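Single-structure report; data block below.
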Amino acid sequence: MPDMEQAHSRRHAELLVQGGTVLTPNGPEHIDVACADGRIIALGDLHGSWSAETTLDATGLHVLPGVIDSQVHFREPGLTHKEDLESGTRGAVLGGITGIFEMPNTNPLTLWEADLQAKLDAARDRAWCDYALYIGGSDVNAEALPKLERLPGCAGVKVFMGSSFGDLLADEDAVLRRILRNGHRRMAVHAEDEARLRERKALVEASSDVRQHHHWRDVESAFKATRRIVGMAAETDRRLHVLHVSTAEEMAFLAQHKRRVTVEVLPNHLTLHAPECYERLGAFAQQNPPVREQHHQDALWQAIREGVVDVIGSDHAPHTPEEKSRPYPQSPAGMTGVQTLLPLMLNHVNAGRLSLQRLVDLTSAGPQRIFGIEGKGRIALGYDADLTLVDLAARRTISNDWIASRSGWTPYDGMAVTGWPIHTVIRGEVVVRDEQLFGKPRGKTIRFLEVPGENP
Ligand code: DOR
């Protein structure tokens with residue numbers, strides 16, 4: 001009875017990903033991935049010995065650990081004409097993202113447990129990918145942060161040292177020290193120096209010229225804030241994550257502080273440069289910290305090669321085309337980005353600017369390592385079955401039509417890229433199949449190793 005014996009020895013999975021090149025911790029391997037109960041249960045040549053309810057043919061594709069975007073603004077509550085948790089996470093999964101960290105400059109700001117809980121409630125059954133939310137650190141909640149940062153679903157504390165969009169601001173040393181002293185998780189910071197920004201604002205008010213944006217919010221505005229906060233983090237013995245580093249000067253400085261400080265860069269800063277972006281896109285290229293000249297972009301790429309950069313986040317910051325069309329500087333800063341993060345970075349891989357392995361390090365292993373994410377970020381037995389399947393050879397043109405954001409636009413409209421996400425799998429559920437949404441929103445809160453708590 002050989003057939004019968006074979007039937008008995010066959011093992012069963014809910015999902016089998018077959019025939020792809022899998023980016024394992026050991027490098028690329030031609031293996032299959034079996035998933036059940038949301039987790040990876042077997043890796044290897046599973047052909048013939050496993051059956052599954054769903055099979056995903058990954059022939060010709062690369063299977064990456066689910067891509068995590070640790071900086072997005074999804075605007076809910078209060079600003080949902082720009083974005084909401086459903087549309088934002090829908091754009092995420094269409095772009096191959098399986099988990100996001102969402103920012104606190106919503107309305108109301110995310111400052112207290114009730115604000116966090118309201119967002120978690122809003123995300124339930126509406127989020128397409130997994131999520132965690134930042135709590136804003138400010139003068140009013142500094143002493144409550146040790147408790148707040150440990151709430152389930154909280155990604156940590158985010159501080160704006162310079163005002164950008166919304167009312168969240170902590171610019172004085174005394175307040176920043178209180179925030180740093182209160183809590184122990186890695187604190188994320190937007191480092192632009194508010195006093196210097198105020199001093200220099202007349203420059204753009206006089207000219208109304210978006211080509212001045214990076215001269216107003218100049219290198220020293222960013223570098224000064226970064227020096228201040230790194231100094232204070234050392235004094236208070238706090239770990240720090242410097243978001244969207246945009247200058248050569250900061251990178252050289254941060255390379256000296258890597259034991260305490262982790263570093264994020266954005267695809268925007270790696271892809272666009274001044275003044276060309278402002279001439280072509282006007283205020284649609286306006287963001288904070290600004291896109292700067294080519295030599296800064298070159299320094300960011302060098303920092304990626306030298307290992308100074310830990311993660312790539314999109315800083316997805318949607319505003320409507322009408323809002324972006326207001327005369328500068330009344331136009332709000334920010335561009336969409338969650339959906340284009342991976343296509344842009346795969347295009348950079350194809351152009352030889354970084355390896356696919358390094359990309360995985362920056363978008364999966366990096367976030368896991370620096371934030372202590374539980375059970376994600378690598379393709380390994382027992383880990384969540386979060387998989388981003390990409391076709392490195394697919395040529396596509398990024399277009400506004402493709403963008404799920406309620407804001408409906410991307411600065412990369414019309415750009416041809418090589419490399420594209422094809423299927424997105426979250427905890428063993430296929431949510432994007434052949435580039436189309438599949439199933440329904442099933443996102444859950446991301447858990448952290450340092451923070452006890454169950455999924456609600
Ligand atoms: O350009 C930006 N826009 N930078 C930020 O830090 C905030 C963001 C937003 O929320 O619009």
Side-chain angles (χ1 to χ4, degrees), residues 69-85 87-88 91 100-111 119 133-134 136-138 155 157-171 187-194 197 201 204 210 213-214 216-218 221-222 225-226 229 241-247 250 264-269 271-272 274 277-278 281-292 313-326 328-338 340-341 405-407 409-411:
D69 184 347
S70 47
Q71 192 188 174
V72 301
H73 301 263
F74 282 168
R75 311 298 194 202
E76 185 172 347
L79 300 155
T80 52
H81 65 287
K82 299 173 193 273
E83 197 70 285
D84 64 36
L85 289 160
S87 58
I100 57 99
F101 292 2
E102 208 272 340
M103 284 293 169
N105 57 338
T106 45
N107 187 9
L109 300 172
T110 320
L111 291 176
K119 280 192 177 185
L133 311 171
Y134 278 104
S138 99
V157 174
K158 156 80 182 282
V159 164
F160 280 92
M161 292 176 74
S163 39
S164 187
F165 176 74
D167 298 330
L168 196 56
L169 184 65
D171 58 334
M187 192 192 90
V189 62
H190 177 126
E192 288 186 286
D193 189 82
E194 180 67 13
L197 295 179
K201 181 119 198 228
V204 287
V210 70
H213 190 58
H214 62 299
W216 164 34
R217 303 179 86 106
D218 66 348
S221 302
T226 294
I229 198 71
H241 181 52
V242 184
L243 299 160
H244 41 46
V245 174
S246 63
T247 69
E250 287 168 285
E264 177 199 64
V265 295
L266 310 187
N268 291 344
H269 289 133
T271 309
L272 303 174
C277 66
Y278 301 115
L281 298 164
F284 285 72
Q286 176 195 347
Q287 69 151 75
N288 302 328
V291 177
R292 304 185 192 278
S314 71
D315 194 7
H316 177 82
H319 301 284
T320 66
E322 294 69 30
E323 292 164 337
K324 292 294 274 183
S325 301
R326 287 183 199 144
Y328 178 83
Q330 281 89 51
S331 45
M335 309 180 220
T336 63
V338 71
T340 47
L341 181 153
S405 170
R406 296 189 78 133
S407 299
W409 66 279
T410 163

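Small disclaimer: the values here were computed from a predicted structure and weren't measured. When a ligand or atom number is given, it counts from 1 through the structure's own listing order.
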Closest non-hydrogen atom pair between Arg406 and His81, with its separation: CB-O, 3.9 Å
Distance-only donor-acceptor check, side chains Glu323 and Ser331, under 3.5 Å: no
With no hydrogens and no angle check, is any side-chain donor or acceptor of [X] less than 3.5 Å from a backbone partner on [Y]?
| X | Y | result |
| --- | --- | --- |
| Lys82 | Glu76 | no |
| Lys158 | Tyr134 | no |
| Tyr278 | Val291 | yes |

Distances for all N or O pairs of ligand 1 and the protein under 3.5 Å?
{"residue": "ligand 1", "atom": "1 (O)", "partner": "Asn288", "partner atom": "N", "Å": "2.8"}
{"residue": "ligand 1", "atom": "1 (O)", "partner": "Ala333", "partner atom": "O", "Å": "3.4"}
{"residue": "ligand 1", "atom": "1 (O)", "partner": "Gly334", "partner atom": "N", "Å": "3.4"}
{"residue": "ligand 1", "atom": "3 (N)", "partner": "Ala333", "partner atom": "O", "Å": "2.9"}
{"residue": "ligand 1", "atom": "4 (N)", "partner": "Ser164", "partner atom": "OG", "Å": "3.1"}
{"residue": "ligand 1", "atom": "4 (N)", "partner": "Asn288", "partner atom": "O", "Å": "2.8"}
{"residue": "ligand 1", "atom": "6 (O)", "partner": "Ser164", "partner atom": "OG", "Å": "3.2"}
{"residue": "ligand 1", "atom": "6 (O)", "partner": "His190", "partner atom": "ND1", "Å": "3.0"}
{"residue": "ligand 1", "atom": "10 (O)", "partner": "His73", "partner atom": "ND1", "Å": "3.3"}
{"residue": "ligand 1", "atom": "10 (O)", "partner": "Arg75", "partner atom": "NH1", "Å": "2.8"}
{"residue": "ligand 1", "atom": "10 (O)", "partner": "Arg75", "partner atom": "NH2", "Å": "3.4"}
{"residue": "ligand 1", "atom": "10 (O)", "partner": "Asn105", "partner atom": "ND2", "Å": "2.9"}
{"residue": "ligand 1", "atom": "11 (O)", "partner": "Arg75", "partner atom": "NH2", "Å": "2.8"}
{"residue": "ligand 1", "atom": "11 (O)", "partner": "His319", "partner atom": "NE2", "Å": "2.9"}
{"residue": "ligand 1", "atom": "11 (O)", "partner": "Ala333", "partner atom": "O", "Å": "3.1"}

Pairing residues for Glu192 by the side chain to side chain donor-acceptor pair (under 3.5 Å) criterion, not counting sequence neighbours: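 In terms of side chain to side chain donor-acceptor pair (under 3.5 Å), with neighbours along the sequence ignored, Glu192 is linked to His190, Arg217.
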